[in-house]
Each structure stands twice: as structure tokens, then as C-alpha cells.
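Structure, as C-alpha cells:
FYI, the numbering just counts along the sequence from 1. Indexing begins at 1, ligand by ligand and atom by atom, following the structure's order.
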Amino acid sequence: MYEQTGLNLGATIILLHEAISRSLEVTKLKCKEYILPSGKPDQATQDSFILYVTTMGVVINAHHIGEDDIIFPKLRSALPQAPFEELANEHKIMDEVLAEFRQTVETSSGDFFSSLLDTVTRLIALWLPHIAKEKQYIYSLEITAALMSPEEHVKMLQETSAHAMEQGNPALMLPFVLRNLNSEDRKAFSRILPPEMTQTLIPTVWKPQWAPMLPFMLE
Ligand SMILES: [Fe+2]
Ligand SMILES: [Fe+2]
């Protein structure tokens, strides 16, 4: 059973945005470090970093799909002033940059870290104003609290999260989101997940899959 008290769609999506923003920033900082002759990572670190950035791309893409397919259509009539078209177009633009990002990771050429740095810098420049707009028009606590009953918040969060998880491997995606949040925010975000996931699957069964990303995650 899901814990239902006080869950809010806006507050939860803002946490997801924060986790993604942190991961984009970590990616940028690490690329800057790894470009330096003295900062070249060993093969194991590079492999872990590639898993981290690949998972980040999947999580961002899945989040866009969750908004395009579930959240935006459901809120469209209740929030006529929100720029849904513009936001959906921005998803397409970001997804094109994400495709470049994937290609850079897959080809892994000599100037890998500088190509990745260029792509992630462009992605951050699109991402930050995009989430600011979403916060202003859609995800503020006041807006979403007034829109739906507590049960509807839970239902939409569960539906969106299940749909997003279909876009990739939950054993990587969920720990990725949780571990890019500080412990307080992680606790708050965990409330949308079934306890078997947070208490059993993530810390034990799934850990061998996501543990290589630990050097880039929060404690
Ligand atoms: Fe969005
Ligand atoms: Fe969003």
C-alpha cells in the first residue's frame, strides 16, 4: 500500500526536477574535471560515469513522456493559462539534444568529455528555464493543491511514475532519482513508491545494478 497522507503532485515533481538538475550539474562538473590532463579518469570510473549519464538521459526522457502523455493532458483544461504547447515543444527540443548526448556516449570518441560537456551545457540552458516555467504555471503547491483531491494527487503520481518506469530500467532509474536528492528530499520522494521498492528492491536486489553510479550520487 502507498502512504497517501499529504502527497502533492507539484511538490513531488519539483523534487524530481531537483534530482535531474543536480545530475546535470554533476555531469558538467565531472566533464570539466575529466577534460584536464591531470583529471583523466581510470576505466572503471569512466564506465561508472557512462552508466550515470546514460541513466540521466533515460530519466529526463521518461519524465518528458510522463508529462506529455499523462500530466499535461489531465491538467490542460483546469489550467488554461499554462503554456502547455510551448512546454511540449521544449521537450522535443531537449529530446533532440538528448539524442545527440546518447550518440556522444555511444561513439565515445577521443574528445568524448568535451563533446559531452558541450551537449550537457546546452541541455542545462534549456532545462533550467523550462522547469522554472513549469513551476510557475503548473507545479506550485498552491496551484496543484487547489486542483485535485488528495486521492487524485496519489493516483496521478502513481500513474505517471508507472508510465515513466516503462521507458527504461527501474532498477537504475529509481535509485538514480533518489540518490540525486538529499536525505530529507529522498524521504519525501520515496513516499510515492511502494515500501517493497524502497526497503527491499533498491537496497538489496537491485543494488548490484545501480551501485557503480555511487561515486556520483549523494550519501
Ligand atoms: Fe517538462
Ligand atoms: Fe517537468
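At a threshold of 4.0 Å, the pair Glu152-Lys155 does not count as salt-bridged, since none of the basic side-chain nitrogens sits closer than that to a carboxylate oxygen.
Looking only at atom types and distance, the side chain of Thr144 has a donor-acceptor partner in the side chain of Asn8 under 3.5 Å away. No side-chain N or O of His163 forms a donor-acceptor pair with one of Glu159 less than 3.5 Å apart. Judged purely by distance below 3.5 Å, without hydrogens or angles, the side chains of His17 and His63 pair a donor atom with an acceptor atom. Between Asn61 and Gln167, the side chains place no donor N or O within less than 3.5 Å of an acceptor N or O (distance only, hydrogens not considered).
The one candidate from Trp210, Phe49, Phe176 that meets the ring pair (Phe, Tyr, Trp, His ring centres under 6.0 Å) condition with Phe216 is Phe49.
Shown are the protein N/O/S atoms under 2.8 Å from the Fe ion (ligand 2), given by residue and atom: His17 NE2, His63 NE2, Glu67 OE2, Glu134 OE1.
Minimum-distance N/O/S atom of His91 relative to the Fe ion (ligand 1): NE2.
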